[in-house]
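Input: a single structure, listed below in structure tokens.
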There are 2 protein chains.
Amino acid sequence: MRDTRAELLAQAEILVRGRGYSGFSYGDLAEAVSIRKASIHHHFRTKTDLALALVEAYDARYDAALAAIVAAQPDAIARIEAYGRHYLTGVENGLGCLCAVLAIERDTLPDALRAELARFFDKHIAWLERVLAEGCADGSLRPGLDPAATARMVVATLEGALMLERLLAGSAGFRLTLAALCESLRPARTG
Amino acid sequence: MRDTRAELLAQAEILVRGRGYSGFSYGDLAEAVSIRKASIHHHFRTKTDLALALVEAYDARYDAALAAIVAAQPDAIARIEAYGRHYLTGVENGLGCLCAVLAIERDTLPDALRAELARFFDKHIAWLERVLAEGCADGSLRPGLDPAATARMVVATLEGALMLERLLAGSAGFRLTLAALCESLRPARTG
DNA sequence: AAAAATCTACCTACTAGATGGTAGCCATAA
DNA sequence: TTATGGCTACCATCTAGTAGGTAGATTTTT
């Protein structure tokens, strides 16, 4: 038996990330999953409920990814590069970041959703701040680097590059930005 | 006599930048400008026409701004900081970048509009690349910095920070990222 | 200068289709 | 037997866009 709810989440995510939240409808989703529009309401009572579920699932996947990066990569720069590669898959599939897409429509978003988005980004910033602070401590990062400010900058850069390069040069463009970002964190070459 | 077309452009820009392109309607705009919905079609035949006019006007304002920055600031870092301050006004007013907002809905955008957006961003990247190349030449930037890659990174960072800090910490958060960005471009302190 | 024609900018009234959401029915599986 | 997960059929509202009209300004012709 198929897991309709999971299919709805998967297809809705693709639609939202490609066209924006207002830009996708239950009608589109129904077509993508081949059930009737009204049946979606059985799984997600309102569109807001669906959006919240999307963010929750997306957030959970990132939780796992961040933990995996820390486990696999000992070096701060390698961790940030690995983190950036998650955004890269978005570029490769032509999909924006779910939370960035939703954030764009901030003014019309329900408060609960807006709060979830803020939590999502705050979590990433906090994670990066720890990664950067550790890198500063062990000398693998440019001396004088401010972990708090740089953490915000890293999220901003990757989110911006995903938005930008999905439109412009695709993964080739994204890789340039990711490389420049990592380079800017490294200590100056001595020699 | 009032310039209805200009008022329509101004209000539509605010609406789009706050709620997304699909998230605003001729109905909203009519209310904001206090004319009837049908009358908007007299000035902008279709919603796509309106979007194109919005981008054109936005682009023209940035053209002027970029020229003014080059004229006023001799130093590369100062130029990038001044460029960043234009995004800051967006954060302060709670408005996203018009072109970023539109870019989010890429998959449903008319080709002509998508092409305009690409031209907009390409222009910014090209401008920054020149600024950075000059800064490299006169030694005011970190040695070894790649102007082409860094230009993309700068646009990405500022666009991302605008998206992010409009949701999170406002101008205080944006300023942190802008400072970290400029710091990352400077030559390493000797001492 | 007067009259006629055209243009501008708005209006009311409308359309066809999409939107999110509801009510209630029915088959199947636990 | 009872929940589950679909369905059809609906609803009010909103969507971009059209048709056709009107008052007033501007331009053209006489």
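Naming convention: chains lettered A, B, ... in sequence-line order (proteins, then strands); numbering from 1 in each chain.
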Check your understanding: Between atom CD1 in A:Ile40 and atom C1' in C:dG21, what is the gap in whole Å?
Key -> 12 Å

Point to revise | From C:dG21, D:dA16, D:dT8, nucleotide with atom closest to A:Ala38 side chain | key: D:dT8

Review point. If you measure from OH on A:Tyr26 to CG on A:Leu8, what distance do you get to the nearest 0.5 Å?
Key: 8.5 Å

Exercise for review: Under 4.0 Å between any heavy atoms, over every strand shown, what does A:Phe24 touch: base, sugar-phosphate, or nothing? Just pick one.
Suggested key: sugar-phosphate

Review point. Within the structure, does a side-chain N or O atom of B:Ser25 lie under 4.0 Å from either OP1 or OP2 of D:dT15?
Key: yes

Review point. How long is the line joining CD of B:Glu7 and C1' of C:dC10, in whole Å?
Key: 14 Å

Review point. Does the C:dG21 base have a donor-acceptor partner in the side chain of A:Lys37 within less than 3.5 Å?
Key: yes

**Study point:** More than 12 heavy atoms from other groups under 6.0 Å of CD on A:Glu31
**Key:** no

Review point. What do you reckon, is CZ of B:Arg130 surrounded by more than 12 foreign heavy atoms closer than 6.0 Å?
Key: no

Revision key, fill the gap. B:Leu29 CG to D:dC14 P, in whole Å, measures 17 Å

Check your understanding: What integer distance in Å separates B:Phe44:CZ from C:dC10:P?
Key -> 11 Å

Check your understanding: For the pair made of NZ in A:Lys47 and C1' in C:dG20, what is the distance, rounded to whole Å?
Key -> 8 Å

Point to revise | D:dC7 OP1/OP2 closer than 4.0 Å to side-chain N/O of A:His42 | key: no

Review point. Between A:His43 and D:dG6, does any side-chain N or O lie under 4.0 Å from OP1 or OP2?
Key: yes

Exercise for review: Indicate the ring-plane relationship of A:Tyr58 and A:Tyr62, choosing parallel, tilted or perpendicular according to the 30° and 60° boundaries.
Suggested key: perpendicular

Point to revise | Residue-phosphate contact under 4.0 Å: B:Thr46 side-chain N/O, D:dA16 OP1/OP2 | key: no

Check your understanding: Counting just side-chain N and O atoms, does B:Ser39 come under 4.0 Å of either OP1 or OP2 of C:dA9?
Key -> no

**Study point:** For atom CZ of B:Arg5 and atom P of C:dC7, their distance in whole Å
**Key:** 19 Å

Exercise for review: Verify the contact: side-chain N or O of A:Arg45 to OP1 or OP2 of C:dG21, cut-off strictly under 4.0 Å; return yes or no.
Suggested key: no

Practice item. Treat each ILVMFWY residue as a node, draw an edge where side-chain heavy atoms are under 4.5 Å apart, and state whether A:Leu158 and A:Ile77 are in one component. Key: yes

Review point. Over how many whole Å does the gap from B:Ile35 atom CD1 to D:dA23 atom P extend?
Key: 19 Å

**Study point:** Rounded distance (Å) that lies between atom P of C:dT19 and atom CZ of A:Arg36
**Key:** 15 Å

